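Bear in mind that the values here come from a model prediction, so they are computed numbers and not experimental data.
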Amino acid sequence: MCKLGDIIVIKEFKNEFGKKIKRHSFVVINDEENIIEGMRYDLICNMLCSFHDETHRNKKLKYKENLEINNKNLLLSKRANDKNGFIKADQLYYFDKSLIKYYIIGNLNLDNLNNLLKIINELDLEDRIKIITTNLKENEKFTKYRR
């Protein structure tokens, strides 16, 4: 069972366009059951991405919604890929845990978890949060932008 701040790897999921993606890391920001757009969910996550190189790092960190993460920010198990990267704070992925397979690889330290949640709240006030529900129902492809 995952909890707030855990870093999980989801074995297969659909991105915001409905394309299937294999094995990707996410940070759990909510694990309470609720309903969105008439669909049940019990997990909300932000995507974790790796930097390809220093140029990519500099490009991504120009944006408020990308929070830098390195191994000092994390408490990880030996399964982690050991790469520095960033969290896409503006994208909230909604999941139904019964429809996905995942495993926990570690967790975000408390300071960085609080920083992530602060950025999400700021982006929400600016109407810059993307609600991604493509994983809640099979064969359903849509991303809902909060207004």
Are any of the side-chain nitrogens in [X] or [Y] under 4.0 Å away from the carboxylate oxygens of its partner?
{"X": "Lys88", "Y": "Glu65", "value": "no"}
{"X": "Arg128", "Y": "Asp90", "value": "no"}
{"X": "Glu122", "Y": "Lys64", "value": "yes"}
{"X": "Glu68", "Y": "Arg57", "value": "yes"}

- Task: Would you indicate whether the side-chain heavy atoms of Phe86 and His56 approach each other to under 4.5 Å?
- Result: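 Contact flag for His56/Phe86 side chains = yes.
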Any donor and acceptor pair, going by atom type alone, linking the side chain of [X] with main-chain N or O of [Y] inside 3.5 Å?
{"X": "Asp6", "Y": "Lys3", "result": "yes"}
{"X": "Thr134", "Y": "Asn15", "result": "yes"}
{"X": "Asn107", "Y": "Ile7", "result": "no"}
{"X": "Asn46", "Y": "Val27", "result": "no"}
{"X": "Asp42", "Y": "Asp31", "result": "no"}
{"X": "His24", "Y": "Ile10", "result": "no"}

- Message: Walk me through whether Leu61 and Phe51 qualify under side-chain contact (heavy atoms from CB on, under 4.5 Å).
- Response: CA-CA 10 Å; Leu61 294 182; Phe51 295 125; 4.1 Å; yes
- Is it true that the side chains of Tyr94 and Glu37 contain a donor and an acceptor less than 3.5 Å apart?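 No, Glu37 and Tyr94 have no side-chain donor paired with an acceptor closer than 3.5 Å.
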- Task: Answer with yes or no whether the side chains of Asn114 and Asp111 bring together a donor and an acceptor at under 3.5 Å.
- Result: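 Short answer, no.
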- Message: Among Tyr102, Tyr103, Phe95, which residue satisfies the ring-ring contact (aromatic ring centres under 6.0 Å, His included) criterion with Phe26?
- Response: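 Among Tyr102, Tyr103, Phe95, the one meeting ring-ring contact (aromatic ring centres under 6.0 Å, His included) with Phe26 is Phe95.
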